[in-house]
Amino acid sequence: MGIFNPKKNNPDEELCNRLCAVLEADKTSKNKALAAEIRARLDQPERGVIKPYSLFLQVVAEVIGNTVNFKQETWHDSVRYGELIYPHMFPLGENTPGFDTLASVFLGMFDVNNVVAGKMFIPKLFHLFGDKVNYIRWMKVFENSTITSARKGIIAEYALRIRSFCMDEDVFTASLIRFTERLLGGEDAKTIAEQEYVTLCRMCGVYNVSEERIMLAEQKIDAVQTATNKLQNSLELSEERAKLLNGLSERITNDVQKFCNDELTKVKTTITNLKEDMNKAHASFVETQRRAVLGDKDELVNSVIEESQNGIRELKKQADTILADARRDILRVNRESSDVIERVDKYMNNNDRLKDLLGDEEFSSKLNEKIDHLMEMYEEAIQKGVLQQTIAPAPQSAPAPRPVKRIAGAPEYEPAPPAPQAPPEGMPPMPFPDDMPAPPQRLDWTIPVEYVPSVVLDERVLFADRYALAMKRKKEMEQQGVHFHKMFDDVLIAVIENANPYLIGPSGCGKTYMVQQISDILDVEAIDIGYINEEYDILGFQTANGGYSCPNFYRCYKYGKIAFCDELDNGNSRATVKLNSFLSNTTNGEYNFPHGERVPRHPNFRIIAAGNTTGNGADANYNTREKIEESVQQRFTPIFVGYDNEVEKSILGPYTQWYRFVVLFRDATTEWSRLSRAGAPGIITTRDVTRIRKYLDNHSFSDEKIIEYEFVQTKDPEYLTFLTKELAKELNREKTNAATNELIRKFALRSAEIRDGKDPDRVF
């Protein structure tokens, strides 16, 4: 045919071939006939009802592509139904004005749950709409509904009746949509038609006024006129009486004013006389008291001196008590120091790695320098502690140290708190008592035990060895029945590598539990510092009396714990910027806290954050969250932690029907979010699954109660109806067992009771 073949690269031909391949692959004779028709019209485009040929191909493509409404056996009939609609929409064929716009509306009728799917095209109504898009808006009301031919006639009759009153097509469309929704809701057709018609007439200023109402109105007007005349006469009479009252009021006012002036003059005279008498009495009283004070002066001075001496004696007793307490505390400190030295010696003798390090000359030299520095700090702390005891009230008994989980070889208790503050300037140091031994000149320490890193976090050890040890501990916990999230290993690696993981996931998916599991494996305590509102939640603050209120974050940084910043996206974004110094400086770091202490970063210190959003602000489910500052986000490693069905499967164990029901329910809520483009309330979380397992094991709640409290409660009827339809699709499927089907039926029954208003306790 040559290079000038007009069919070369013809898009209609390409689409024709693809559609025919799909139709001819089906065994249905009608679909094969439809394929033959498509091929025949390729050479003779003027054939057929739907023109042009490209529009006909698009119609067939829409039918085949809509797998929700059109099965293979209905493709041919659906195209034929479109050919019935075409003459009504395009009376002049391709020459119909606004053909392109009408063509897009025509194709829209083949969308999911639209006009062609329900075969609900009504020609009379279609021609009442000037803007055919409004017709499609009205047809959207019939999604997931069926309508009989009788109801079609009722709707068409109502539309013809009200169209003349509606100059604005939007008003007409809105009225027709409201009528259709009420009709589909099951109300009586005649009743709602009359109500909507009367409402629309009144909106347009048309009222049905009978002669009887006119006569009644005239009678009321006459009555009002008569009452008005009577009121006018009463008003004139009231004006005359008001004039008389004004005259009487003026006379009374003058008389009262004259009487008040006379009484005021009398009162002023009386007050002047009383003032003179009071001055005389006061002068006499002062003179009497002066003489009495002069007579009792010596007795008063002696009394004051005696009270002062008693106070001095009492203060001396308190000072003696404080001094005795200080001596006892210094003795206790010496005894505890000996205990610490003994434990350190045992630790050194039992730790081969430490012996090897001490054999290194360079390491020993550096270690001796640190020991000398610690000795100086120790002696200074002792001097300050003794002096502080002499000027402060008697100390209360200190709380017992709290045990923490450590790996083998680590100290049994947390490190001691910082030394007391120095005494005020100008007060001389207090020497040690003669009967108290002087502090040791040198402590035989090696390295501070509080800075011994966890084996898994010790970066001097190969990562592969540390990771293998962590996995070994995880396997032991799994053998004990502990369940791990599918993202657990990634989060653990980020913690080991000091990468500051930020766990992103919905509420109840197991983020906090995962942090506790990491704490157990690393043998490092995790402390939830909560969300951060102000800078002092991280740095602490100095109190009014010069002390320091240290927050949990300070303890984590100094003593080597995991700082868990839960709900980071719910805090103050300006305050969280303070985390930058701790997120970036991860090796040999130091920080100078507000009270002046320069604290070195503990090698076990880690930061883990969690939030319900990505940190970019509020979303449909969490609409109060703030955006995390960009510099903070860049220092975190985001890890998405969603719901893990395998964890929930392990939790529910033998209750396989409940596990299947939970999965189906969550799929239904996800579908609601996709269609509504909004958050789905009442999602079942991993925390809820754990609670359900407890109910089932203890037989505390029946299946109906569990469905009521965990799946139905707090949801509105519309949402429950949608969930019921989604769950009903799973009924009688092979992969859904009978027990799960029974749970779906119980959910549907309870939802129907709420939707039909049979539950008086539910109020929306």
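No hydrogens, no waters, no symmetry mates; every other heavy atom, side chains included, goes into these values.
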Is there side-chain contact between Tyr502 and Ile504, with at least one heavy-atom pair below 4.5 Å? yes
Could you walk me through whether Arg750 and Glu704 pass the salt bridge (charged side-chain N to carboxylate O under 4.0 Å, His left out) test, one step at a time? CA-CA 8 Å; Arg750 184 59 182 138; Glu704 290 80 2; over 6 Å; no
Could you check whether any side-chain heavy atom of Met109 comes within less than 4.5 Å of a side-chain heavy atom of Met89, counting everything from C-beta outward? yes
Using the rule given for ring-ring contact (aromatic ring centres under 6.0 Å, His included), can you reason through Phe106 versus His88, listing the C-alpha separation, both sets of side-chain angles and the distance that settles it, and then say yes or no? CA-CA 11 Å; Phe106 180 62; His88 295 284; over 10 Å; no
Between CG of Asp528 and CD of Glu567, what distance do you get to the nearest 0.5 Å? 9.0 Å
Is there a side-chain contact between Thr685 and Pro506, using heavy atoms and a 4.5 Å cut-off? no
I'd like to know whether Asn261 forms a side-chain contact (heavy atoms from CB on, under 4.5 Å) with Thr265, so could you lay out the CA-CA distance, the side-chain angles of the two residues, the decisive distance to 0.1 Å, and finally the verdict. CA-CA 6 Å; Asn261 291 335; Thr265 302; 5.6 Å; no
Interatomic spacing from CZ in Phe665 to CD in Glu710 - rounded to 0.5 Å: 10.0 Å
Please evaluate residues Glu240 and Lys243 with respect to the criterion salt bridge (charged side-chain N to carboxylate O under 4.0 Å, His left out), reporting the C-alpha separation (whole Å), side-chain torsions for both, the decisive distance (0.1 Å), and the verdict. CA-CA 5 Å; Glu240 294 179 359; Lys243 292 178 180 179; over 6 Å; no
Contact check, side chains of Phe99 and Leu92, non-hydrogen atoms, under 4.5 Å: no
Nearest heavy-atom neighbours spanning Thr724 and Ala748: CG2-CB, 3.6 Å
Tell me whether Thr721 contacts the main-chain N or O of Pro717 through its side chain, where contact means a donor paired with an acceptor under 3.5 Å. yes
Glu630 atom CD, neighbour heavy-atom count above 12 within 6.0 Å: yes
Any Leu675 side-chain heavy atom under 4.5 Å of Phe722 side chain: yes
Rounded to the nearest 0.5 Å, what's the gap from CD1 on Ile628 to OG1 on Thr613? Could you check? 6.0 Å
Looking only at heavy atoms, what is the nearest atom pair of Gly611 and Asp569, with distance? CA-OD1, 3.6 Å
Drop me the distance from Leu539's CG to Ser549's OG, to the nearest 0.5 angstrom. 12.0 Å
Is the number of heavy atoms from other residues, nucleotides or ligands under 6.0 Å of Lys627 NZ greater than 12? yes
Can you tell me if Arg666 uses its side chain to pair, donor with acceptor, with the backbone of Ile684 under 3.5 Å? yes
Apply the test salt bridge (charged side-chain N to carboxylate O under 4.0 Å, His left out) to residues Lys280 and Asp277: give CA-CA distance (whole Å), side-chain angles for both, the deciding distance (0.1 Å), then the verdict. CA-CA 5 Å; Lys280 293 178 181 179; Asp277 295 340; 5.0 Å; no
Taking side chain as C-beta onward, heavy atoms only, is Ile532 less than 4.5 Å from Leu579? yes
Polar side-chain atom of Ser175 near backbone of Phe172 as donor-acceptor pair, under 3.5 Å: no
Given Arg674 and Thr670, is the side-chain contact (heavy atoms from CB on, under 4.5 Å) satisfied, shown in steps? CA-CA 6 Å; Arg674 186 185 69 82; Thr670 303; 5.8 Å; no
Look at the side chain of Ser284 and the backbone N and O of Ala281, then say whether any donor-acceptor pair between them is shorter than 3.5 Å. no
Separation of Asp255 CG from Glu250 CD (nearest 0.5 Å): 12.0 Å
Is it the case that the ring center of Phe747 lies less than 6.0 angstrom away from the ring center of Phe711? no
Quick one: CD on Glu726 to CG on Leu723, what's the gap to the nearest 0.5 Å? 8.0 Å
Verify side-chain hydrogen bond (donor to acceptor under 3.5 Å, both in side chains) between Thr270 and Asn273, making sure each step is shown before the conclusion. CA-CA 5 Å; Thr270 304; Asn273 295 333; 5.7 Å; no
Which atom of Lys511 lies closest to which atom of Leu503, heavy atoms considered: CD-O, 3.7 Å
As a test of understanding, state which of Val712, Ile707, Ile706 forms a side chain to side chain contact (heavy atoms under 4.5 Å, CB included) with Lys746. Ile707
Atom of Phe564, atom of Ala609 and distance for their closest heavy-atom approach: CE1-C, 4.4 Å
Assess whether side-chain contact (heavy atoms from CB on, under 4.5 Å) is satisfied between Thr669 and Tyr719, documenting all intermediate values. CA-CA 9 Å; Thr669 57; Tyr719 187 28; 3.3 Å; yes
What do the steps show when you test Asp262 against Lys258 for side-chain contact (heavy atoms from CB on, under 4.5 Å), and what is the final call? CA-CA 6 Å; Asp262 295 340; Lys258 182 180 179 182; 4.2 Å; yes
Can you find a pair of side-chain heavy atoms, one from Phe636 and one from Val632, that are under 4.5 Å apart? yes
So, does Asp537 use its side chain to make a donor-acceptor pair with the main chain of Glu534 at under 3.5 Å? yes
I'd like to know whether the aromatic ring centres of Tyr709 and Tyr695 sit less than 6.0 Å apart in this structure. no
Does Thr272 reach the main-chain N or O of Lys268 with its side chain, forming a donor-acceptor pair under 3.5 Å? yes
Side chain proximity check, Pro594 to Phe541, heavy atoms < 4.5 angstrom: no
